[in-house]
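Read through the structure below, which is laid out as structure tokens, and then see the notes.
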There are 2 protein chains.
Amino acid sequence: MTEAVSRPTLEAVAARAGVSRATVSRVVNGGDGVRGPLAARVRKAVEELGYVPNQAARSLVTKRHDAVAVVIAEPETRVFADPFFALQLRGISKELTAHDNQLVLLLIEGRADHARVARYLAGNHVDGALVFSLHLDDPLPGLIQDAGVPTVFGGRPGWGQDPRNAGPGPARADADPGPVYVDCDNRGGARSAVRHLVGLGRRRIAHITGALDQTSAVDRLDGYRDVMAEVLGRDDPRLVVESDFTPGGGEDAMRELLGRCPDVDAVFAANDLTALGALRVLRAHGRRVPEDVAVIGFDDMVPVTEQADPPLTTVRQDIEEMGRLMARLLLRGLSGDRDGGGPAAGCPDAAGNGVILPTTLIRRASA
Amino acid sequence: MTEAVSRPTLEAVAARAGVSRATVSRVVNGGDGVRGPLAARVRKAVEELGYVPNQAARSLVTKRHDAVAVVIAEPETRVFADPFFALQLRGISKELTAHDNQLVLLLIEGRADHARVARYLAGNHVDGALVFSLHLDDPLPGLIQDAGVPTVFGGRPGWGQDPRNAGPGPARADADPGPVYVDCDNRGGARSAVRHLVGLGRRRIAHITGALDQTSAVDRLDGYRDVMAEVLGRDDPRLVVESDFTPGGGEDAMRELLGRCPDVDAVFAANDLTALGALRVLRAHGRRVPEDVAVIGFDDMVPVTEQADPPLTTVRQDIEEMGRLMARLLLRGLSGDRDGGGPAAGCPDAAGNGVILPTTLIRRASA
DNA sequence: GTGAAAGCGCTAACAG
DNA sequence: CTGTTAGCGCTTTCAC
């Protein structure tokens, strides 16, 4: 743990190159309007001295930080049990890195952390924020609004005025643009899963929901209901069990389901982890998958789905791409900066202020 | 994505409270030596204006950033498949938060990223760094050394001069202290696992290693060999298969093992994920676990071990605590800052510059 | 094109 | 105890 060395300053580089600080600054920041040979001399001096600009000093004058906060508002352990979060981070990291931005990670573990995060965001330490895993009653959106930090949400926020989630619609450019977010087509994905089960000839199709205080869970439930109502013309409430996106929750739900409807012949689980729990209970009860009961998950966490027994049919969403897209949207908004118009304006695939990524059904053995 | 508002400055607070900037600064930074009523007036002004200090300006003069970089040098997908990384991050985050430090996440995906990270670290943007997942040939340690950033490593670095990993020994205070790191007792944990298998009456005990370019894998292998040599008086090389910490790798290794030694009666896998793969192959080959073959993992990733079939006996390490400890060590070193002495000096549980956390054998059904 | 000068918002001596 | 005074290292008008 060596002592931090004091780095050379602009001044030093200027002296060595025999120019003024201003010139060095210009060269370091792209070199516009500095003649070739001079610029070369400066670059040489920079090289020799190992000069690295002091970001604090720079930020002080530019008011930019080239840093983005990633806020993960998941007090529970769930985030840590499934790789969702890591994949999302990876996508974000790649995109930020490509634009020379830093990633400041803000984990919210408990109630008290909200204030801390809000303070940080308000402190003008970052140029923007990427926020995940919002629950319906989360105070964060309000705090962020107050802080006035440009923000992109991961997953449709619950308070947005546009509950449509199934496809692009004409966006009214004049209204309050509402929150900017990136999500996958939860509702459409759920529909395709249930339709697939229907196509398999299944009729008593159950749904194990996710945590219903999150829009992703609600949207998937809606998709399930869409198909049950439209295609089968019925929507038996006994076939829906509320759960929480965890394997344990999936087990409990599956047991409940087996009790309620012993003749269930298919299960659409709100995510892969839940499906895993269901699979285990089905096996314990001697039901064969998919012969007796077909099972479909959601997410396609490859290590989970491929290693499941039997390998899990699921609805895939490109999580890493979602992360990347969130970062891109934020960065674009930051550079655009015409504060009147919505920042996602001109963005392809945008439905209103949300960008909805498509999902794909991945067929494996379980359905 | 609202426009960032321009925040009030110290100046503004000073004016409103009718004092000088210096006084406000004092109050904001702990309020030492400011009389009660005055301080109260300042605090009121701060409150009313919603003043938040500008960290950039502060850093510029204090040369502190209250920020720590977390570098994850795992180009592969492995980190994202197991929750190890997330747990570690959580521990770090908690500790940093408690000390009002920010966490800057630096993910290394490819070769080019090393330079970027090195530049960032050298740029004096953070007070210290926490570095993970080092492989033997990693250029990072050198780069970090050059950057002169106080650093604590997660896992014993390969080039450290103290390969002992099995317990505390007298540390020589005068020599080059070497890298500071936190690790679990990989070797001791491996020993306890193998001893447990021996105690079960098993004799043909195999080991599926981790990626041997990481010290954790090497240390676990050493622990295995210790017991095989000491207790059983032999060390059959055919019983050791090199693998890579992944479930897929575990499957391949188990197949290989079954081919080499069909009469194997126990497997100690380098981690839980590997054990999972082994379990699957054993089942496919009709071997009962634990009756025919006992299986032990390492890590105790609860979602993995408890959901395994059968539930996995394993060696538990407290990953979150490791993260927390790394952060604590770094922060302590930063505040101590007597640059001669080793920064971990005076730290309990320290063997040399490494802190080794104990492991526990968790008995479940698989062994 | 290039340099000189004026701060960005804050802390840390140093006076008073 | 409190205020005054210098900068921290950089960017950015503004002259030249």
Side-chain angles (χ1 to χ4, degrees), chain A residues 4-43 45-46 49-67 100 119-120 122-127, chain B residues 4-43 45-46 49-67 100 119-120 122-127:
Chain A
V5 234
S6 104
R7 297 257 139 209
T9 73
L10 248 202
E11 185 82 51
V13 180
R16 188 174 181 92
V19 298
S20 74
R21 297 189 335 237
T23 302
V24 179
S25 175
R26 287 178 189 120
V27 173
V28 169
N29 296 299
D32 304 339
V34 177
R35 245 178 325 204
L38 232 196
R41 225 164 68 220
V42 171
R43 262 189 285 272
V46 166
L49 262 36
Y51 169 75
V52 183
N54 178 324
Q55 185 65 40
R58 179 180 277 173
S59 294
L60 191 52
V61 34
T62 60
K63 270 103 167 55
R64 294 215 55 196
H65 304 85
D66 296 317
D100 264 311
R119 194 160 6 98
Y120 183 76
N124 221 287
H125 296 141
V126 290
D127 301 322
Chain B
V5 232
S6 106
R7 297 255 139 212
T9 74
L10 249 202
E11 186 81 51
V13 179
R16 188 174 179 92
V19 299
S20 74
R21 297 189 336 238
T23 300
V24 179
S25 175
R26 286 179 190 115
V27 172
V28 170
N29 296 297
D32 303 339
V34 177
R35 246 177 326 205
L38 232 197
R41 226 166 64 220
V42 171
R43 264 190 284 271
V46 166
L49 262 36
Y51 169 74
V52 183
N54 178 325
Q55 185 64 41
R58 179 182 276 171
S59 293
L60 191 53
V61 34
T62 59
K63 269 101 168 56
R64 294 218 50 190
H65 304 86
D66 296 316
D100 265 309
R119 193 160 7 97
Y120 184 76
N124 222 287
H125 297 141
V126 290
D127 301 323

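Given the structure is predicted, the values throughout are model-derived calculations rather than measurements. In the text below, chain A, chain B and the rest are named by the order of the sequence lines, each starting its count at 1.
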| Considering heavy-atom distances to DNA chain C, does B:A56 or B:A22 have its closest nucleotide positioned more toward the 5' end? | B:A56
| Check: B:S25 side chain, B:R21 main-chain N or O, donor-acceptor pair, under 3.5 Å | no
| field | Side-chain donor/acceptor contact of A:R7 with base of D:dG9 under 3.5 Å | value | no
| Is there a side-chain polar atom (N or O) of A:N29 under 4.0 Å from OP1 or OP2 of D:dT11? | yes
| If we only count heavy atoms from C-beta on, is the A:V126 to A:H65 side-chain gap below 4.5 Å? | no
| query | What is the distance, rounded to the nearest whole Å, between atom CG of A:N54 and atom P of D:dG7? | reply | 18 Å
| task | Drop me the distance from A:S59's OG to B:L60's CG, to the nearest 0.5 angstrom. | result | 10.0 Å
| task | Check whether any side-chain nitrogen or oxygen of B:R35 sits under 4.0 Å from OP1 or OP2 of D:dT2, and answer yes or no. | result | yes
| said: Do B:R58 and B:N29 make a side-chain contact, defined as non-hydrogen atoms from C-beta onward lying under 4.5 Å apart? | reply: yes
| request: Return the value, rounded to whole Å, for the distance between atom CD of A:E11 and atom C1' of D:dT11. | output: 14 Å
| request: Report the residue (B:L38 or B:K63) whose heavy-atom-nearest nucleotide on DNA chain D is the more 5′ of the two. | output: B:L38
| task | Considering only heavy atoms of chain A and a distance under 4.0 Å, specify the first and last nucleotide of DNA chain C in 5' to 3' order that meet this criterion. | result | C:dG1 to C:dG9
| query | On DNA chain D, nearest-nucleotide positions of A:Y51 versus B:G33: which is more 5'? | reply | B:G33
| Tell me: CD of A:Q55 to C1' of D:dC10, nearest whole Å? | 10 Å
| query | Do the side chains of B:V19 and B:V24 get nearer than 4.5 Å, heavy atoms only? | reply | yes
| CZ of B:R26 versus C1' of D:dC1: gap in Å, rounded? | 8 Å
| remark: In short, B:A17 meets B:A45 closest at the heavy-atom pair CB-CB, 4.0 Å
| task | Figure out the CZ/P separation between B:R21 and D:dA6, and round it to whole Å. | result | 12 Å
| task | Give the rounded distance in Å between these two atoms: CZ of B:R41 and C1' of D:dG3. | result | 14 Å
| field | Rounded interatomic separation in angstrom, taking NE2 from B:H65 and P from D:dG9 | value | 11 Å
| message | So, OP1 or OP2 of D:dT4: does either fall under 4.0 Å of a side-chain N or O from B:S20? | response | no
| query | Taking the side chain as C-beta and beyond, is there a heavy-atom pair between B:V27 and B:V34 under 4.5 Å? | reply | yes
| field | Length of the line joining B:L60:CG and D:dG9:C1', which is rounded to integer Å | value | 5 Å
